[in-house]
Amino acid sequence: MDSIDYYERYANVYYENTVDVDMSEIRSKFLELLPENADVLDLGCGSGRDGKAFEDAGCYVTLLDGSAEMCKLAEITMGKEVLNMRFDEMDFEEVFDGIWACASLLHVPGEEMDQIMQKVCRALKPEGILYASFKYGEGEEYRNHRLFHDYTPQSLEQMMSRQREMDVLETWISDDVRDGRDEKWVNILLKKKEKR
């Protein structure tokens, strides 16, 4: 079972466990860097929780998820269509002021990450902002029927530095905000360079 199969099978459980998680502190950091009425891509949107918050904040939001079942649930949250698409199927060119990839890119295998990141970066307008989060750790393994590629702040910055059009703004470690979880997360904010 790959990661998308997991979300197809357990979409309702995952939705229930994540739709009310409070990500407002990190969302605020991201929003502060965006222009007013920004075009935002919620990449791997899951329940649609964050996309709804961005829309409520005045953003124009596009939601995308690889799991058709998660898309159906996110459509209930958002009241609009969610794109059912895998990361490798994306083909946007300078469309978004911000891309929010909360706990989604962590399922991308290490050997595919550069290619996926190129697509993500291409989707951003010049001076666009990318937020991404990963579980804190080293290496890649299957846990609970899903592939996770874990990073430290150093390994994450090193991986992102290969995207030459992006500058790292901030990297930090945070606690899991879900009840009863003692996991750590690595968060990163990047900005796409201006066109010369």
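Residue numbers count from 1 along this sequence. For the numbers below, each heavy atom of this structure counts, side chains included, while hydrogens, waters and symmetry mates do not. Please read all numbers here as calculations on a predicted model, not as lab measurements.
The CG atom of Asp50 sits 10.0 Å away from atom OG of Ser24, with the distance rounded to the nearest 0.5 Å.
A salt bridge links Glu69 with Lys72: the closest approach of a Lys/Arg side-chain nitrogen to an acidic carboxylate oxygen falls below 4.0 angstrom.
Within the 4.5 Å cutoff, the side chain of Thr62 has no heavy atoms near those of the Asp39 side chain. Considering only heavy atoms from C-beta on, Leu41 comes within 4.5 Å of Leu64 through its side chain. Side-chain contact between Phe148 and His107: present, with at least one pair of heavy atoms (C-beta onward) separated by less than 4.5 Å. Within the 4.5 Å cutoff, side-chain heavy atoms of Arg49 are placed close to those of Cys102. Considering only heavy atoms from C-beta on, Glu94 comes within 4.5 Å of Pro126 through its side chain. Inter-residue side-chain proximity for Val120 and Met90 is flagged as met; some heavy-atom pair is nearer than 4.5 Å. Counting heavy atoms from C-beta outward, Arg122 and Asp91 have side chains that approach closer than 4.5 Å. For the pair Lys192 and Lys125, the minimum side-chain heavy-atom distance is 4.5 Å or more.
Residue pairs meeting the salt bridge (charged side-chain N to carboxylate O under 4.0 Å, His left out) criterion with at least one member in residues 109-121, sequence neighbours excluded: Asp114-Arg162.
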Distance-only donor-acceptor hits, side chain of residues 164-173, under 3.5 Å, sequence neighbours excluded:
unit_1 : atom_1 : unit_2 : atom_2 : d
Glu170 : OE1    : Lys29  : NZ     : 3.3
Glu170 : OE2    : Lys29  : NZ     : 3.0
Thr171 : OG1    : Glu157 : OE2    : 2.7

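Judged as a side-chain contact (heavy atoms from CB on, under 4.5 Å), and not counting sequence neighbours, Gln158 has no contacts. Residues passing the side-chain contact (heavy atoms from CB on, under 4.5 Å) test with Ala123 are Phe92, Phe96, Ile99, sequence neighbours excluded. When the ring pair (Phe, Tyr, Trp, His ring centres under 6.0 Å) test is applied to Phe30, the partners found at least two apart in sequence or on another chain are Phe54, Trp100. With sequence neighbours excluded, the residues that form a ring pair (Phe, Tyr, Trp, His ring centres under 6.0 Å) with Tyr151 are Phe134, His149.
Considering every non-hydrogen atom in both Gly44 and Phe87, the closest pair reads N-CE2, 4.1 Å.
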Any chance you could lay out the salt bridge (charged side-chain N to carboxylate O under 4.0 Å, His left out) test for Asp150 and Arg143, step after step, and finish with the verdict? CA-CA 11 Å; Asp150 301 336; Arg143 296 192 296 268; 3.0 Å; yes
